[in-house]
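These notes concern the structure reproduced below.
Computed from heavy atoms alone, side chains included, the values below leave out hydrogens, waters and symmetry copies.
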Protein chains: 4
Amino acid sequence: MDGTHQQRRRGDTRQRIQDVALELFAEQGYEKTSLREIAEHLDVTKAALYYHFKTKEEILVSIFEDLSQPIEDLIEWGGRQPHTLATKQEIVRRYSGALAGAAPLFRFMQENQATIRELRIGEMFKDRTLRLRDILIDPDAELVDQVRCISALFTLHAGMFVMQDVEGDPEAKRKAVLEVATDLVTQAHQGA
Amino acid sequence: MDGTHQQRRRGDTRQRIQDVALELFAEQGYEKTSLREIAEHLDVTKAALYYHFKTKEEILVSIFEDLSQPIEDLIEWGGRQPHTLATKQEIVRRYSGALAGAAPLFRFMQENQATIRELRIGEMFKDRTLRLRDILIDPDAELVDQVRCISALFTLHAGMFVMQDVEGDPEAKRKAVLEVATDLVTQAHQGA
Amino acid sequence: MDGTHQQRRRGDTRQRIQDVALELFAEQGYEKTSLREIAEHLDVTKAALYYHFKTKEEILVSIFEDLSQPIEDLIEWGGRQPHTLATKQEIVRRYSGALAGAAPLFRFMQENQATIRELRIGEMFKDRTLRLRDILIDPDAELVDQVRCISALFTLHAGMFVMQDVEGDPEAKRKAVLEVATDLVTQAHQGA
Amino acid sequence: MDGTHQQRRRGDTRQRIQDVALELFAEQGYEKTSLREIAEHLDVTKAALYYHFKTKEEILVSIFEDLSQPIEDLIEWGGRQPHTLATKQEIVRRYSGALAGAAPLFRFMQENQATIRELRIGEMFKDRTLRLRDILIDPDAELVDQVRCISALFTLHAGMFVMQDVEGDPEAKRKAVLEVATDLVTQAHQGA
DNA sequence: GATGAATGAGTGTTCATTCAT
DNA sequence: GATGAATGAACACTCATTCAT
């Protein structure tokens, strides 16, 4: 007389909203996903969403905050390490894992840059990216080497999504992407 | 009694629409740019836009077609060449130039991927990117080398925009980006 | 371990709702004040309001009933007196005091006439005002004298609020308002 | 084959919106009148309203500006006259006429004070009222006489609406109201 | 070559209210 | 004596698009 669909779901609506929203945001983009659509997928009314979140943007912010915490942690950790090659390689390695762990979010971020720029998470994301860059890049290095680091970052970010239509086992692809990124960072470090 | 601002502009409204639209699309994104806004910037009515273009999407398509013709040409040319390293390097070199020549468009494309995917130019762009990839990538190459080529492409695409907040002369930066991309393609070619 | 803010407040929530509601109604108007706002000011949930009052309107009605009882009493008293000038003057005098004693409520009533007209208290208030008028006005008097009485009433009502941006001691202003109202009623009585 | 309802109405939509809006605003209040309601009365869509006015508030502002121009003119005229009793009496006389000429607007203003205070016309109206007061009131006069002038103003404003449920010919009532207001101003002037 | 006027479908958001707990 | 979760109806407003002139 218990454990029904309805009952089990009580209390987890907030989480379900985030799940569905991220799915739809990643699939269709932020602007093209309406709150009506999210609500319908969850079989609740639009107003229910507003019980759990103050605005549409806040849904996105909450998803971002929840899912990108590991990356925040990683950057903080990286900031406290010496700027050696080994550290940089380790950062890249861990970053690759962190990105894979929140793939839908990062796919969304990459494909909705124009939108995100105007949103609160735009600042947060930009800030994070810059801190990450400052760890990897030596400001006195040659321009080419700076580009190599940026390229490494981009390769990691974009890798997953673009590789989707390349044949092959996902984990193998991730490894390959990681290798290229590591190479780039290593070359950049030695370049100078 | 002629040659005034008004008079000189007669006949070039279509072009002016494209210019303003691209500027706004690149700045704010496609969805967040309304036809009202475009019209106001041009000091004409929304209805005037519809004299020149059938839909909002068509404005974008026309911009894309006009500005990306050099790239279309490049890919066609590349397709007819032997798949040697020299060819690949030349492609990368020319591609870098072509991207720089239509920077606002490509910035727009990169920042509005989610939107573009649903639009006609999504197909066009994807198709082009795949043809370009097929020229650079040897399907029998190791996965890592395939990633290197993709990374080269991405470095070219993203390079310009991300590099904006790195200090240094724009042309120098473009050269650096080109060098990294060329390196990647070269390594990929030799890898096998 | 007792007598804390929390503890002392137990049991007086109903009263606190009325206080906060009146304050907000008077400040922002009835329609622009939402139950969410009232609840937040009290640090309870909206649902709590519904434990104490059946509807938003009932909150207002209860405030009106509680605060305007002295006026109800006055009018009843007035109805039982002979319609002499002395009675009229006494009514005006007492009315002035009664209004001052529930100033926020009457400020609210005056500034939200359109809203109130559709509410239950609209009828109550109108009814009261008419009974009051019938005591002051001789139906056979000249039109001008009737107007004088109505004007006296209005002067009393509006006096307090409009006088706010006139310099001077509040009690002095009330006295002045009362004097003018008394004059008007007196002139009206003698006019015929 | 012309002069139909549809045809004759083309071009006067803006005016019709103002008319219907004022009617509904005066009847039900500003907040309780929705744009849907206004649109339905006119047999157009809500969006059509937005072709003619930028916001709901702007509809109200435009009505206010159009209808209260005579009063603005009157106040300006009054500001240029010497502050004699005769001037004051003339102002009162003209003001009475001006109010009667835009009765629905002023009924609306009086019954929606709380709402108006937050709107742009709140400032405009308050500003006007103060300038009018400054013409009628001698700042060195006794407090009672100042009240008399304010009372005169209020009598004029409120007179019309409250008098609605007094029997008698409207013009006769207006005359009576005017007489009482003039008396008040005259007494105030001689008081000092 | 362009405008004035309008539409239909949609958006995000807010509200008073309900009810099981 | 109060909350957590939700609803249904409404709201002001915006959009791409149309079409007669």
Side-chain angles (χ1 to χ4, degrees), chain A residues 6-7 9-14 17 31-39 42-59, chain B residues 9-14 17 31-39 42-59, chain C residues 9-14 17 31-39 42-59, chain D residues 6-7 9-14 17 31-39 42-59:
Chain A
Q6 296 293 7
Q7 305 256 0
R9 267 176 177 172
R10 184 176 298 147
D12 63 347
T13 304
R14 195 190 141 93
I17 292 172
E31 327 247 22
K32 302 240 304 204
T33 302
S34 70
L35 294 185
R36 178 181 55 68
E37 215 173 346
I38 296 176
L42 290 165
D43 221 48
V44 295
T45 59
K46 269 188 295 173
L49 306 182
Y50 279 90
Y51 177 75
H52 295 280
F53 299 95
K54 270 214 272 289
T55 63
K56 184 185 181 186
E57 185 174 351
E58 234 217 12
I59 299 181
Chain B
R9 268 180 174 168
R10 185 183 290 155
D12 64 348
T13 303
R14 194 190 141 92
I17 292 171
E31 325 248 21
K32 302 238 306 204
T33 302
S34 69
L35 295 186
R36 177 180 55 69
E37 214 172 347
I38 297 175
L42 290 165
D43 224 48
V44 296
T45 60
K46 271 186 292 175
L49 307 182
Y50 280 89
Y51 178 81
H52 294 281
F53 300 95
K54 271 219 276 288
T55 63
K56 183 185 181 184
E57 185 173 351
E58 235 217 11
I59 300 181
Chain C
R9 267 178 175 170
R10 186 182 287 153
D12 64 347
T13 303
R14 195 191 141 93
I17 293 172
E31 326 248 19
K32 302 241 304 206
T33 302
S34 69
L35 294 186
R36 177 178 56 67
E37 215 174 347
I38 296 175
L42 290 165
D43 223 48
V44 296
T45 60
K46 270 186 294 175
L49 306 183
Y50 280 89
Y51 178 81
H52 295 280
F53 299 95
K54 272 221 274 286
T55 63
K56 183 185 181 186
E57 186 174 351
E58 237 218 8
I59 299 182
Chain D
Q6 295 294 6
Q7 306 257 0
R9 267 175 178 172
R10 185 177 296 147
D12 63 347
T13 304
R14 196 190 140 93
I17 293 172
E31 327 247 22
K32 303 240 304 206
T33 301
S34 70
L35 295 184
R36 178 181 53 70
E37 214 174 347
I38 296 176
L42 289 165
D43 222 49
V44 296
T45 60
K46 269 187 295 173
L49 306 183
Y50 280 91
Y51 176 76
H52 295 280
F53 299 94
K54 270 216 272 289
T55 61
K56 184 184 179 185
E57 185 173 351
E58 234 216 13
I59 299 181

Atom [atom1] of [X] and atom [atom2] of [N]: how far apart are they, to the nearest Å?
X	N	atom1	atom2	answer
B:L42	E:dA2	CG	P	10 Å
C:F53	E:dT18	CZ	P	16 Å
C:K46	F:dA2	NZ	P	17 Å
A:E37	E:dG12	CD	C1'	14 Å
D:I38	F:dA10	CD1	P	17 Å
C:E58	E:dT17	CD	C1'	14 Å
D:I17	F:dA12	CD1	C1'	15 Å
A:R14	F:dA5	CZ	C1'	14 Å

Next on the checklist: On DNA chain F, compare the nucleotides closest to C:D43 and B:E31; which residue's is nearer the 5' end?
Outcome noted: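 Closest to the 5' end, via its nearest nucleotide, is C:D43.
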
Checklist entry - Given that D:T55 and B:E57 both sit by DNA chain F, which one's nearest nucleotide is further toward the 5' end? => result D:T55

Next on the checklist: Using a 3.5 Å distance criterion without hydrogens, assess whether the side chain of C:E58 forms a donor-acceptor pair with backbone atoms of C:K54.
Outcome noted: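 Yes: the side chain of C:E58 pairs with the backbone of C:K54.
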
Next on the checklist: Minimum heavy-atom separation for A:K32 and A:E37, please, with both atom names.
Outcome noted: O-OE1, 3.7 Å

Item to check | Exercise: identify the closest heavy-atom pair between C:H52 and C:R14 | outcome: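 Heavy-atom minimum between the residues: O-NH1, 3.7 Å.
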
Checklist entry - Mapping C:L35 and A:T33 to their closest nucleotides on DNA chain E, which lands nearer the 5' end? => result A:T33

Next on the checklist: Counting C-beta onward and ignoring hydrogens, is there a side-chain heavy-atom pair between D:L35 and D:I59 closer than 4.5 Å?
Outcome noted: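 Yes, at least one pair of side-chain atoms sits under 4.5 Å.
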
Using the side-chain heavy atoms of [X], tell me which of these nucleotides is nearest: [options].
X	options	value
A:T45	F:dT7, E:dT17, F:dC15	F:dT7
D:V44	E:dT7, E:dT3, F:dA12	E:dT7
C:H52	E:dA6, F:dA2, F:dT7	F:dA2
A:Y51	F:dC19, E:dT17, F:dA5	F:dA5
D:S34	E:dA2, F:dA12, E:dT7	F:dA12
D:K56	F:dC19, F:dC11, F:dC13	F:dC13
D:T13	E:dT17, E:dA6, F:dA12	E:dA6

Nearest-0.5 Å distance that lies between atom [atom1] in [X] and atom [atom2] in [Y]:
X	Y	atom1	atom2	value
A:K56	A:L49	NZ	CG	11.0 Å
D:I38	D:K46	CD1	NZ	11.5 Å
D:I17	D:Y51	CD1	OH	11.0 Å

Checklist entry - If an axis is fit to five pairs at each end of the helix from E:dA2-F:dT21 to E:dT21-F:dA2, what is the angle between the two, to the nearest 10°? => result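 Comparing the first five pairs with the last five, the axes sit 20° apart.
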
Next on the checklist: With a cut-off of less than 4.0 Å, is there a side-chain N or O of B:R36 near OP1 or OP2 of F:dC15?
Outcome noted: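 For F:dC15, OP1/OP2 do have a side-chain N/O of B:R36 under 4.0 Å.
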
